[in-house]
There are 2 protein chains.
Amino acid sequence: MSPDATLGNIRIVLCETSHPGNIGAAARALKTMGLSQLVLVNPRRFPDPEAQWRASRATSVLDNARVCGSLDEALEGTMFSVACSARSREIAVPAVTVRNAAAQLVDIARTHPVALVFGNESSGLTTADVNKCRLVAAIPANPEYSSLNVAAAVQVFTYELRMAALSDEAPGSKPQVLASHQDVEGFFGHLESTLSTTGFLDSEHPKKLMPRLRRLFSRTQLETDEVNILRGILKTLANPRKRGQNK
Amino acid sequence: MSPDATLGNIRIVLCETSHPGNIGAAARALKTMGLSQLVLVNPRRFPDPEAQWRASRATSVLDNARVCGSLDEALEGTMFSVACSARSREIAVPAVTVRNAAAQLVDIARTHPVALVFGNESSGLTTADVNKCRLVAAIPANPEYSSLNVAAAVQVFTYELRMAALSDEAPGSKPQVLASHQDVEGFFGHLESTLSTTGFLDSEHPKKLMPRLRRLFSRTQLETDEVNILRGILKTLANPRKRGQNK
């Protein structure tokens with residue numbers, strides 16, 4: 001696949017953006033780096049003349065931007081997603097550098113749609129939103145002032161994506177059939193309900209059990225077959241007697 | 001020399017900037033990446049409230065910005081300088097990537113003042129100005145639309161400078177306590193026996209089930225705590241009634 005086609009498979013998702021100028025500046029950043037898919041989750045003001053002005057000659061990206069009502073809707077159909085967040089926190093997903101995240105995104109984008117998710121200007125992404133992604137990535141900023149403008153952060157990330165896409169085109173291992181966002185979330189839901197039913201997970205004192213399990217499985221980039229096997233195991237273990245009766 | 005001191009030796013020079021908002025956004029970019037020296041050659045409007053606004057909480061960089069009447073004055077005392085320019089042209093200086101330029105700048109900035117020079121928003125740097133520098137560096141942009149906003153370009157370059165300055169320190173993430181070979185094998189043994197007992201794994205026709213599960217979990221480099229959680233889940237799921245009786 002050509003670098004252009006790979007970059008065309010990468011969605012940039014902006015959540016709850018307050019300032020339309022930042023949406024325009026992000027659109028310009030996308031176009032300069034050869035990306036085209038901008039997805040806006042509940043933007044406060046869009047469309048807006050300030051977005052058009054800051055987009056300069058990248059208005060085609062704005063015109064084709066998709067507006068969604070939720071992050072789940074924005075991630076529908078993706079096979080891999082990375083949350084951008086500077087804040088350190090208790091999270092379920094592994095944290096990596098921008099460069100590492102870009103390499104993984106580009107590797108998968110050669111064959112599947114992927115997404116890179118940015119939060120609101122003042123509050124960033126919610127922990128719930130970060131946990132919907134497979135990885136979290138941060139720009140290694142000055143610890144005394146780590147607040148990059150959101151469009152500036154988009155420029156840095158998309159620059160790293162372009163660098164990764166242009167670097168050797170050796171895709172590494174043969175592409176597997178990766179599980180989709182919905183498949184993986186379906187597995188986590190099944191796991192959580194099974195652990196609740198059997199009493200391993202105490203719903204009133206869940207501690208960090210589900211975040212830890214999400215972190216473990218998010219590191220693996222689950223494949224479709226694997227999700228099916230894991231769900232089969234859950235089903236059998238939760239109902240072992242049925243099997244026994246058939247014998 | 002510490003990364004902070006090295007980055008403190010790097011001047012960012014903006015020539016003939018038209019929009020004060022870009023000066024403010026550049027100041028913010030500098031501060032987020034741990035740089036502090038902003039030099040302005042004949043800015044059209046400075047100081048200006050829009051620069052203050054776009055600088056967000058990086059106004060200290062603006063307050064300390066030095067205004068010069070010429071690029072020669074801005075480069076005085078530096079030992080090395082890089083011009084940022086996307087335009088290909090007849091130039092006297094070698095052209096390199098941003099990453100390569102950042103590595104060279106940081107290397108020299110450990111012991112001497114250096115500078116990175118950006119041009120005007122619409123016309124860029126003059127050939128005369130480029131020729132005053134030792135290298136010219138470009139961000140590898142989309143050939144159909146290569147016009148990065150000047151503050152966005154400053155963000156990308158300063159990001160690469162910070163990455164280069166930090167590279168020796170290999171920050172990485174805190175090492176986890178990885179599970180030993182025995183721990184992981186113990187888990188696989190426990191998994192296999194549980195799957196056999198419950199009937200999910202047919203010992204006479206095992207197919208590829210265990211190899212597939214091994215492949216999945218081997219990709220993750222399991223941690224000790226995770227092995228304990230997984231074995232706890234197996235134990236509970238295989239004996240759900242015991243839990244139920246305790247309630």
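It should be emphasised that the depicted structure is a prediction, and the values quoted were computed from it without experimental measurement. Order of the sequence lines fixes the chain letters, A, B, ..., with proteins taken first and strands second; residue numbering starts at 1 for each chain.
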Of the backbone (N, CA, C, O) and the side chain (C-beta and beyond), which part of [X] lies under 4.5 Å from a heavy atom of chain B, both, or neither?
X	value
T158(A)	neither
A153(A)	neither
A29(A)	neither
A138(A)	neither
L195(A)	side chain

Are any non-hydrogen side-chain atoms of S147(B) and K31(A) less than 4.5 angstrom apart?
-> no
Excluding sequence neighbours, so at least two apart, what forms side chain to side chain donor-acceptor pair (under 3.5 Å) with S36(B)?
-> none
So which part of [X] gets closer than 4.5 Å to some heavy atom of chain A, the side chain, the backbone, both or neither?
X	result
R162(B)	side chain
L35(B)	neither
E144(B)	neither
A58(B)	both
L213(B)	side chain
L234(B)	side chain
A26(B)	neither

Carefully, step by step, assess I233(B) and T198(A) under the rule side-chain contact (heavy atoms from CB on, under 4.5 Å).
-> CA-CA 9 Å; I233(B) 291 173; T198(A) 55; over 6 Å; no
Close approach to chain A in residues 96-104 of chain B, criterion heavy atom under 4.5 Å = V98(B), R99(B)
State, to 0.1 Å, how close F200(B) and T236(A) come at their nearest heavy-atom pair, and which atoms those are.
-> CD1-OG1, 3.0 Å
Looking only at non-hydrogen atoms, find the nearest pair between I139(B) and Y159(A) and report the distance.
-> CG2-CD1, 3.8 Å
Interface residue of largest heavy-atom contact number with chain B, from S56(A), G21(A), P140(A), G34(A), under 4.5 Å = P140(A)
Against chain B, work out which of D225(A), T194(A), L209(A), V154(A) has the most heavy-atom pairs shorter than 4.5 Å and name it.
-> D225(A)
So L216(A) and E223(B), side-chain contact (heavy atoms from CB on, under 4.5 Å) or not? Walk me through it.
-> CA-CA 9 Å; L216(A) 189 171; E223(B) 296 164 17; over 6 Å; no
dist I229(B):CD1 -> K208(A):NZ (nearest 0.5 Å) comes out at 12.0 Å
Show your reasoning for whether side-chain contact (heavy atoms from CB on, under 4.5 Å) applies to Y145(B) and R28(A).
-> CA-CA 9 Å; Y145(B) 182 67; R28(A) 181 174 178 178; 3.6 Å; yes
